[in-house]
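One structure below.
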Amino acid sequence: MKDTVLLFESRDLCYESNRYFMECIAEVLEEKGFFVEICDLSVRMEQKLEDILHKKERYLFAVDFNSLLPRIVLEDGTPYLDAFGVLFFNYLVDHPLYHHAGLKKKLSNYSVICIDVCHLNYLKRFYPHIEHAFYLPLGAVRAGMERSFDQKRLELLFLGTYEREDLLYEELKEYPKQKRREVSSLIEMMRADPELTQEDALLRYFSEQNEALNAEAFAKRLNEDYLADKYLRNWKRKEAVLAAAKAEVPFTVMGHGWEHVKGLEQKHVKICGGVGFAASVQIMADAKILLNTTPGFHGGLHDRVYSAMMNHTLCFSEYGLFAGQRFTEGKEIVFYDGAGMEDLPEKISYMHNHPSEAKEITKRAFQKVLLRDTWGSRVEELVAECRKTGSGI
């Protein structure tokens, strides 16, 4: 009898975030009357996967984040997910370009979830064999210990790892000349136009080179050019953090790698190492202002935005067309110019010096995300998508 939802953990994501998301999903599903089983594949993977096949008739559907399962095959060459035969959702929390090895597989009962509309459009265009894919952002997470805005102890917070761009550039210098020129061109185009996706940058590059590729070859090429996204992600994080530090507001920068950044050796800047995702939620809830960057997200928002709002923390994020349609400047969020960031220090100083105004913004933001951006809302949409597939739920 099909009565259970299976949640896989096939890999550890940054700061164990996927485990936390799984627990949020499991809690909501159980509240809705589903049985839930979590399968951690970090130990005894082969045995556990075999055990799952023996009881596959129990499962209504399965979910994993950035899953490794699409790549796994049985001894006879059968893809594991085909042998499993249960509706499987691969929840991608970053650009599909990083998951080419699994996405290129032609699997049955396979669905992909994207947290960005542009990611979804890319997937549909360049992986047309994936018949079912949809957009579903990650949900807002609420801290266990809540503090009022006036009780929060951190004035300004940034959460995120930093990898030195100079080391990434050294890695790029090892590429063959033609590939190095290609990746460098993508970086230059996207730095000049923050609204340009990497796939559109690559299409423009091919047009300039009078080169044309079919969908399969293009997807492979974008995967090979992943360093452009990685470089820009870290460059933008560093630029935003350095700009925010100019506001001279007490600033906590939390994440691995920031001790290597020159310009942060200031009395009002405190650099802390990375912590697990669960702890980061508690720390976010203790901050009055959260600085967010979302490079590579042109049709979506990082879950930090939703979670900051859920915890009455004022979110600063760079402006983008999608973000501007979802939230209103000065009403639920404060936007800064991600291209130059010249306005960021002044905006941070203003909100720091006008706490009553900042508090009102957090109240409106909380009410907005509470209506439709919680994990409760996300799971309802997930279950609805399952019903669309005729899975029998």
Side-chain angles (χ1 to χ4, degrees), residues 7-25 38 40-43 63-71 89-103 112-116 119 136-141 143 157-165 167-168 171 198 223 226-238 240-241 252-261 271-285 287 290-297 300-308 310-311 313 315 317 375 378:
L7 305 179
F8 282 108
E9 292 181 15
S10 66
R11 69 198 309 173
D12 288 330
L13 300 190
C14 188
Y15 301 115
E16 300 179 335
S17 56
N18 58 321
R19 180 165 299 183
Y20 197 93
F21 298 149
M22 286 293 187
E23 291 171 356
C24 292
I25 292 173
I38 296 179
D40 180 1
L41 297 175
S42 61
V43 292
V63 183
D64 192 9
F65 287 85
N66 287 5
S67 184
L68 294 175
L69 294 178
R71 307 187 201 181
F89 292 95
N90 190 2
Y91 212 138
L92 301 185
V93 301
D94 46 22
H95 198 292
L97 73 89
Y98 289 101
H99 306 283
H100 175 67
L103 293 174
V112 177
I113 304 172
C114 295
I115 62 173
D116 182 291
H119 296 176
L136 186 66
L138 297 168
V141 176
L157 173 68
F158 180 87
L159 291 166
T161 299
Y162 172 71
E163 293 185 66
R164 292 167 56 184
E165 311 105 285
L167 297 182
L168 294 173
E171 184 179 337
Q198 183 158 325
N223 169 256
Y226 75 93
L227 195 60
D229 176 79
K230 195 173 182 181
Y231 180 94
L232 285 167
R233 182 185 309 175
N234 286 281
W235 170 77
K236 182 170 278 190
R237 285 178 179 175
K238 187 184 74 173
V241 166
T252 302
V253 181
M254 185 162 288
H256 299 301
W258 290 102
E259 66 275 11
H260 302 297
V261 177
I271 297 176
C272 305
V275 298
F277 188 84
S280 74
V281 173
Q282 301 299 324
I283 293 166
M284 183 191 302
L290 177 80
L291 174 63
N292 177 65
T293 63
T294 53
F297 287 81
L301 290 167
H302 197 283
D303 57 282
R304 279 190 298 264
V305 174
Y306 302 115
S307 293
M310 180 60 71
N311 290 285
T313 296
C315 184
S317 190
W375 271 113
R378 302 295 190 243

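Along the sequence shown, the residues carry numbers beginning at 1. Heavy-atom basis, side chains included; hydrogens, waters and symmetry copies ignored.
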Next item on the list: List in chain and number order the residues that pass side-chain contact (heavy atoms from CB on, under 4.5 Å) with Leu68, two or more places apart in sequence or in another chain; answer none if no residue qualifies.
Entry: Ser10, Arg11, Arg71
Can you name the nearest heavy-atom pair linking [X] to [Y], along with the distance?
X: Arg304; Y: Thr293; value: NH2-O, 3.3 Å
X: Leu103; Y: Val112; value: CD2-CG2, 3.9 Å
X: Leu159; Y: Ser280; value: CD1-O, 4.0 Å
X: Ala143; Y: Asn311; value: N-OD1, 2.9 Å
X: Val275; Y: Met254; value: CG2-SD, 4.0 Å
X: Tyr226; Y: Glu171; value: OH-OE2, 3.2 Å

Going from [atom1] on [X] to [atom2] on [Y], what distance comes out if it is rounded to the nearest 0.5 angstrom?
X: Leu227; Y: Arg233; atom1: CG; atom2: CZ; answer: 11.0 Å
X: Ile115; Y: His302; atom1: CD1; atom2: NE2; answer: 7.0 Å
X: Trp258; Y: Lys238; atom1: CH2; atom2: NZ; answer: 9.0 Å
X: Glu9; Y: Met22; atom1: CD; atom2: CE; answer: 6.0 Å
X: Asp303; Y: Thr294; atom1: CG; atom2: OG1; answer: 11.5 Å
X: Phe158; Y: Thr252; atom1: CZ; atom2: OG1; answer: 12.5 Å

Margin query: Is there a side chain to side chain donor-acceptor pair (under 3.5 Å) between Asp116 and His95? Walk through the geometry before answering.
Written below: CA-CA 8 Å; Asp116 182 291; His95 198 292; over 6 Å; no
Check: Could you go step by step and tell me if Asp229 and Tyr98 meet the side chain to side chain contact (heavy atoms under 4.5 Å, CB included) rule?
Finding: CA-CA 10 Å; Asp229 176 79; Tyr98 289 101; 2.5 Å; yes
Notebook entry, point to check: Would you say Tyr91 and Leu136 make side-chain contact, with heavy atoms under 4.5 Å?
Noted result: yes
Note to self: Do Ser42 and Asp40 pair up side chain to side chain, a donor and an acceptor below 3.5 Å, judged on atom types alone?
What the structure shows: yes
Checklist line | Parallel, tilted or perpendicular: rings of Phe297 and His119 (30°, 60°) | finding: tilted
Next item on the list: Anything under 30° is parallel, anything over 60° is perpendicular, the rest tilted; go ahead and classify Phe21 against Phe277.
Entry: perpendicular
Next item on the list: Would you kindly check if the NZ (Lys) or CZ (Arg) of Arg378 is within the cone defined by 45 degrees around the ring axis of Tyr306 and under 6.0 Å from the six-membered ring centre?
Entry: yes
Checklist line | All salt bridge (Lys or Arg N to Asp or Glu O under 4.0 Å) counterparts of Glu16, not counting sequence neighbours | finding: none
Item checked: Residue pair Leu168, Trp235: steps toward the side chain to side chain contact (heavy atoms under 4.5 Å, CB included) verdict -> CA-CA 10 Å; Leu168 294 173; Trp235 170 77; over 6 Å; no
Check: Where the side chain of Thr313 meets the backbone of Ala287, is there a donor-acceptor pair that is under 3.5 Å apart?
Finding: yes
Checklist line | N/O donor-acceptor pair under 3.5 Å between Asn18 side chain and Leu13 backbone | finding: yes
Notebook entry, point to check: When Phe65 is tested against each of Ile25, Leu7, Asp12 for side chain to side chain contact (heavy atoms under 4.5 Å, CB included), which residue passes?
Noted result: Ile25
Notebook entry, point to check: Could you walk me through whether Asn66 and Leu92 pass the side chain to side chain contact (heavy atoms under 4.5 Å, CB included) check?
Noted result: CA-CA 5 Å; Asn66 287 5; Leu92 301 185; 3.9 Å; yes
